[in-house]
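One-based numbering, in listed order, for ligands and for the atoms of each.
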Amino acid sequence: MITMKDVSFHYENKDVLKNINFEIPRGAFMGLVGPNGGGKTTLIKLILGLLKPDKGDIFLFGEPIHKFKAWNKIGFVSQKSNSFNKGFPATVYEVVSMGLTAKIGYFKFPTKRHKQKVLHAIDQVGMKEYTYENIGNLSGGQQQRVFIARSLVSEPELLILDEPTVGVDYENVQRFYELLHDLNTKKNITLLLVTHDTGTMTEYATDIVCLNQTLHFHGDPEAYCSLSETELSKFYGHPVNLVTHEH
Ligand code: ADP
């Protein structure tokens, strides 16, 4: 779904990514981890076409990124999504229907089928009973589910999530990962998840990529968990305690 070949990028005089090579196969649940400032957000911006690499090639769904048009196949949920204040005047239904705007255009009335899609997306993330609730009254974890639903209405094949569990408490993080796992295995949605939460993530991801300017590791969660703390400290540039959660 995504191929990066020898991709490098710098801001002004700061090298951020060097010779990045990796692929995300269809059906993967890839966890992207690494230290702050390691280049994760920059990598996502390159994949979303918001930045252009200095060198190297990016392919989306087999097409060079500059020719790629089917952006509705890619959903994006950012960390900053869940910052609605109490009293923000929109219901869950209204927020989720914003995900259809790209398809139906502004100023056009949604059809009955569009409405069904919105309700279905809300149901998929387990928020049916909150459909007409004000978004500002929901917890951070519930709001994050609503933002997933907003990206699901356009039926993406690939969902990219940037630190979606920041500010979500432990129990809801577990539920959130279960939702992602269902989307991945039952709805066949390929996932790329940027996270600091390496403990819970290793229970669900199929692949882990560790980025700090270059790719330091790419493999399955078992291989990642078997890395010693010394090896991980080399990646991160500081001591690391790897906390894993057993099933
Ligand atoms: P991460 O998401 O892994 O924390 P980022 O991709 O946000 O890393 O940042 C990588 C490096 O690039 C950091 O050193 C950051 O300070 C720098 N950086 C990020 N955005 C910009 C920008 N717009 N201009 C200049 N430097 C930036």
Side-chain angles (χ1 to χ4, degrees), residues 1-24 28-60 65-66 68 71 74-83 140 143-144 147-148 151 158-168 173 176-177 180 190-202 204-219 221 223-225 227 229 231-243:
M1 293 215 140
I2 299 177
T3 304
M4 290 203 143
K5 281 191 180 157
D6 266 331
V7 170
S8 297
F9 181 83
H10 77 283
Y11 293 107
E12 285 134 36
N13 45 18
K14 184 178 175 66
D15 287 340
V16 179
L17 298 172
K18 271 194 200 157
N19 300 326
I20 305 294
N21 284 290
F22 78 97
E23 288 194 1
I24 304 185
F29 181 165
M30 182 171 283
L32 175 59
V33 299
N36 272 333
K40 300 181 293 300
T41 305
T42 303
L43 186 85
I44 301 296
K45 286 183 177 170
L46 286 163
I47 292 171
L48 294 174
L50 302 172
L51 296 172
K52 284 206 172 87
D54 304 330
K55 178 170 101 49
D57 297 301
I58 301 174
F59 297 86
L60 301 177
I65 192 164
H66 59 274
F68 183 75
W71 289 101
I74 302 181
F76 175 60
V77 179
S78 83
Q79 171 191 161
K80 292 176 194 81
S81 306
N82 60 347
S83 55
Q143 288 184 356
Q144 205 52 284
F147 292 111
I148 301 254
S151 60
L158 169 71
L159 194 55
I160 299 176
L161 304 114
D162 191 0
E163 304 265 11
T165 55
V166 167
V168 179
V173 167
F176 190 75
Y177 274 98
L180 294 183
T190 305
L191 299 174
L192 172 60
L193 171 74
V194 176
T195 184
H196 274 107
D197 180 26
T198 48
T200 317
M201 187 265 292
T202 52
Y204 296 92
T206 57
D207 291 75
I208 295 181
V209 160
C210 184
L211 181 70
N212 191 6
Q213 209 172 89
T214 58
L215 276 197
H216 287 272
F217 172 87
H218 184 182
Y224 182 77
C225 291
L227 293 172
E229 285 180 8
E231 284 170 294
L232 281 173
S233 303
K234 266 194 255 157
F235 297 162
Y236 280 84
H238 59 75
V240 169
N241 292 314
L242 181 65
V243 180

### Task
Work out whether the distance between some heavy atom of G39 and some atom of ligand 1 is less than 4.0 Å.
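A heavy atom of G39 does come that close to ligand 1.
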### Task
Return yes if some donor-acceptor pair links the side-chain N/O of K40 with the main-chain N/O of G34 below 3.5 Å, else return no.
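The answer is yes, because a donor-acceptor pair under 3.5 Å joins these two groups.
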### Query
Sub-3.5 Å donor-acceptor pair from the side chain of D6 to the main-chain atoms of G56, do we have one?
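Side chain of D6 to backbone of G56, a donor-acceptor pair under 3.5 Å: no, none is there.
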### Task
Given side chain to side chain contact (heavy atoms under 4.5 Å, CB included), test I148 with L180 step by step and report yes or no.
CA-CA 9 Å; I148 301 254; L180 294 183; 4.0 Å; yes
### Task
Look at atom 2 (O) of ligand 1 and find which of V194, L46, T41 reaches it with the closest heavy atom.
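Closest candidate by heavy-atom distance is T41.
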Among protein heavy atoms, which lies nearest [atom], and at what distance?
{"atom": "atom 15 (C) of ligand 1", "value": "K14 CE, 4.4 Å"}
{"atom": "atom 6 (O) of ligand 1", "value": "T42 OG1, 2.5 Å"}
{"atom": "atom 10 (C) of ligand 1", "value": "G37 O, 3.3 Å"}
{"atom": "atom 27 (C) of ligand 1", "value": "Y11 CD1, 3.3 Å"}

#### Entry: Proximity to ligand 1 by part of E12, non-hydrogen separation under 4.0 Å
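Within the 4.0 Å criterion, E12 makes no contact with ligand 1.
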Which of the ligand 1 atoms, numbered from 1, are nearer than 4.0 Å to a heavy atom of [X]:
{"X": "N36", "value": "4 (O)"}
{"X": "P35", "value": "3 (O)"}
{"X": "G38", "value": "1 (P), 3 (O), 8 (O)"}
{"X": "K40", "value": "1 (P), 2 (O), 3 (O), 4 (O), 6 (O), 8 (O)"}

### Query
Y204 and F29: aromatic ring centres closer than 6.0 Å?
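No.
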### Query
Got an N/O contact under 3.5 Å between V16 and ligand 1?
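No - when backbone and side-chain N and O of V16 are compared with those of ligand 1, no distance drops under 3.5 Å.
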### Query
Could you give the distance from CD1 (I160) to CG (L48), rounded to the nearest 0.5 Å?
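Here the rounded value is 4.5 Å.
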### Task
Scan L43, T195, D207 and name whichever one has a side chain to side chain contact (heavy atoms under 4.5 Å, CB included) with L32.
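The single option meeting the side chain to side chain contact (heavy atoms under 4.5 Å, CB included) with L32 is L43.
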### Task
Write out all pairs satisfying side chain to side chain donor-acceptor pair (under 3.5 Å) with one or both partners inside residues 42-55, taking only residues at least two apart or from two chains.
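Passing the test, one end in residues 42-55: H10-D54, Y11-T42, N19-K55.
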### Query
Who are the ring pair (Phe, Tyr, Trp, His ring centres under 6.0 Å) partners of F68, not counting sequence neighbours?
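With sequence neighbours excluded, F68 shows a ring pair (Phe, Tyr, Trp, His ring centres under 6.0 Å) to F61, W71, given in chain and number order.
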